[in-house]
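The structure appears below as structure tokens.
Quick caveat: nothing in here was measured; it's all calculated off a predicted structure.
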Amino acid sequence: MSKRIYFILFMSLGLSCAKNDGPSPQPGEGPSGMQSAKESVEIKLRAGGNEENIFGLMQFGIYADRSFSLLDLTQTYDSIVWTASGVKGRFRVLEHGDSRTRFTCEWSHHFFLPGEYETVLTGYKDHKAVSSDTVTIRISDSRDFLGYDWAEITASGKSSTGYVDVLSDRGFTTHASLRDNVPSVTLFLWDQWFSEESVPILYDYMCSLYSTPAYDSDDASLAQQYATLFTHNEADAYPLSIWITPAANVVLLKLGDGRLEPCRYEIRAEPCAAWP
């Protein structure tokens, strides 16, 4: 199954991150060819926008008030990292050591929970923070389910969509379908689709969005509620939990019995009874 993956944009090590209409001096030289003194680069964080919905693509980048080369950057910083408040992990924008240097001038990221985030670009030298810049962004959850509105799903997708999470290795993937004029969206972890380890990850994520399930695995009516609330019920589908939102019925499913092939684990959502 092919997937449309959003890629992080990497700059080659010799490129400058700002326009320079004149001829480029050699590393360490000024315009006249004379050796220039080290001049620190004050880095800034740029965001492509300040508001987005969950599962919407956000673009970020690094810039400065003057043109600079990679040599300028590595003379000022040993490393540069990007973080977001309330989110574990950090993305290394610059890694500079004796054996290699890696620099990312622009990158993409998806946020999966609504809220206000302080995104911070921090430069380090000799293990000390020497520069910092912050951009505040607001992430909403205003669509019918994740990044989808039901009315937008007019046909079954030919491929699945993967999402960039540079702060962790979580591999959220979605697929939109239309059967008998009923839209649905499936959410799964592409690298753990056949692993039972994905169950607590998917469960906790749904709880963080919608609180505790309306029907859980210890509820005697769970199977009956699944048959009632969802239009398409596969014979080998076993509901584990159900959430009910104003716009969607959401179920955590185990697919298959594991005898002929591994079980799959996924979230599936359909419109609630009030739609359209």
Original post:
Does Ser221 use its side chain to pair, donor to acceptor, with the backbone of Gln224 at less than 3.5 Å?
Top reply: no
**OP:** State, with a plain yes or no, whether a side-chain heavy atom of Ile62 is found less than 4.5 Å away from one of Trp82.
**Re:** no
Original post:
Centroid-to-centroid, Tyr205 to Phe172, below 6.0 Å?
Top reply: yes
Original post:
Between Ser40 and Tyr77, is any pair of side-chain heavy atoms under 4.5 Å apart?
Top reply: no
Original post:
Is any side-chain heavy atom of Phe112 closer than 4.5 Å to a side-chain heavy atom of Asp165?
Top reply: yes
Subject >> Single-linkage hydrophobic cluster, 4.5 Å side-chain cutoff, Val182 and Val250 together >> reply: no
Original post:
Are the side chain of Asp216 and the backbone of Pro213 linked by a donor-acceptor contact shorter than 3.5 Å?
Top reply: no
Original post:
Given the rule that I, L, V, M, F, W and Y join up when any side-chain heavy atoms are under 4.5 Å apart, are Phe230 and Phe188 in one cluster?
Top reply: no
Subject >> Tyr148-Val164 co-clustered via ILVMFWY side chain contacts under 4.5 Å >> reply: yes
Original post:
Hey, what do you get for SG (Cys263) to CG (Asp236), rounding to the nearest 0.5 Å?
Top reply: 9.0 Å
Original post:
At their closest point, which heavy atom of Leu113 faces which heavy atom of Leu209, and how far apart are they?
Top reply: CD2-CD2, 4.0 Å
Original post:
Should the pair Arg46-Glu106 be classified as a salt bridge under the 4.0 Å nitrogen-to-oxygen rule?
Top reply: yes
Subject >> Nearest heavy-atom neighbours spanning Asn249 and Leu229 >> reply: ND2-O, 3.4 Å
Subject >> Validation row: His232, Asp180 side chains within 4.5 angstrom (heavy atoms) >> reply: yes
Original post:
How many angstroms lie between OH in Tyr226 and CG in Leu240, if you round to the nearest 0.5 Å?
Top reply: 10.5 Å
Original post:
From Ser241 OG over to Leu222 CG, what is the distance, rounded to the nearest 0.5 angstrom?
Top reply: 7.0 Å
Subject >> Closest approach of Ala269 to Trp150 (non-hydrogen atoms, all atoms of both residues) >> reply: O-CH2, 3.6 Å
Original post:
Are Ile153 and Ile54 connected in the hydrophobic side-chain network, where two residues link if heavy atoms are under 4.5 Å apart?
Top reply: yes
**OP:** Determine, stepwise, if the pair Ser177 / His175 fulfils side-chain contact (heavy atoms from CB on, under 4.5 Å).
**Re:** CA-CA 7 Å; Ser177 301; His175 185 262; 3.3 Å; yes
**OP:** Kindly state whether the ring of His109 and the ring of Phe111 have centres lying under 6.0 angstrom apart.
**Re:** yes
Original post:
Just wondering, do Ile43 and Asp133 contact through their side chains at under 4.5 Å, heavy atoms?
Top reply: no
Subject >> Worked check of side-chain contact (heavy atoms from CB on, under 4.5 Å) between Thr119 and Thr134 >> reply: CA-CA 6 Å; Thr119 64; Thr134 301; 5.7 Å; no
Original post:
Taking all non-hydrogen atoms of both residues, which atom of Leu73 and which atom of Val41 are closest, and how far apart?
Top reply: CD1-CG1, 4.3 Å
Subject >> Check: Val135 and Glu118 side chains under 4.5 Å, non-hydrogen atoms >> reply: no
Original post:
Are Leu253 and Ile267 close enough, and set up right, to give a side-chain contact (heavy atoms from CB on, under 4.5 Å), and what steps lead you there?
Top reply: CA-CA 6 Å; Leu253 286 175; Ile267 295 290; over 6 Å; no
Original post:
When rounded to the nearest 0.5 angstrom, what is the spacing between CG in Leu94 and CG in Leu70?
Top reply: 7.0 Å
Original post:
Judged by modelled atom types alone, do Ser79 and Glu95 share a side-chain donor-acceptor pair under 3.5 Å?
Top reply: no
Original post:
Could you give all pairs that pass the ring pair (Phe, Tyr, Trp, His ring centres under 6.0 Å) test and reach residues 237-273, with sequence neighbours left out?
Top reply: Tyr203-Trp243
Original post:
For the residue pair Leu57 and Ser108, what are the closest heavy atoms and their distance?
Top reply: CD1-CB, 3.5 Å
Original post:
Do the non-hydrogen side-chain atoms of Cys272 and Pro246 ever get within less than 4.5 Å of each other?
Top reply: no
Subject >> Donor-acceptor pair, side chain of Asn50 and main chain of Ile137, under 3.5 angstrom >> reply: no
**OP:** Tell me whether Ile80 is reachable from Val130 by hopping between hydrophobic residues (I, L, V, M, F, W, Y) whose side-chain heavy atoms are closer than 4.5 Å.
**Re:** yes
Original post:
When you look at Thr101 and Thr74, which way does the side-chain contact (heavy atoms from CB on, under 4.5 Å) test go after all the steps?
Top reply: CA-CA 9 Å; Thr101 298; Thr74 56; 4.0 Å; yes
Original post:
Do Thr174 and Tyr163 get their side chains close enough for a donor-acceptor pair, meaning under 3.5 Å?
Top reply: yes
**OP:** Could you list who else is in Val81's hydrophobic cluster, with ILVMFWY side chains joined at under 4.5 Å, directly or through other members?
**Re:** Tyr124
Subject >> Arg90 atom CZ: more than 12 heavy-atom contacts under 6.0 Å >> reply: no
Original post:
Is Leu255 close to Glu266 at the side-chain level, that is, under 4.5 Å between some pair of heavy atoms?
Top reply: yes
**OP:** Mind checking the CZ-OG1 spacing from Arg179 to Thr231? Nearest 0.5 Å is all I need.
**Re:** 9.5 Å
Original post:
Out of curiosity, Leu167 CG to His110 NE2, how far, rounded to the nearest 0.5 Å?
Top reply: 13.0 Å
Original post:
Shortest non-hydrogen contact from Ala227 to Asn233?
Top reply: O-OD1, 3.7 Å
Original post:
Would you call Glu152-Arg143 a salt bridge at under 4.0 Å N-O?
Top reply: yes
Original post:
Does the side chain of Ser184 come under 3.5 Å of the side chain of Glu270 through a donor N or O and an acceptor N or O?
Top reply: no
Original post:
Salt bridge or not for Arg268 and Glu234, using N-O below 4.0 Å?
Top reply: yes
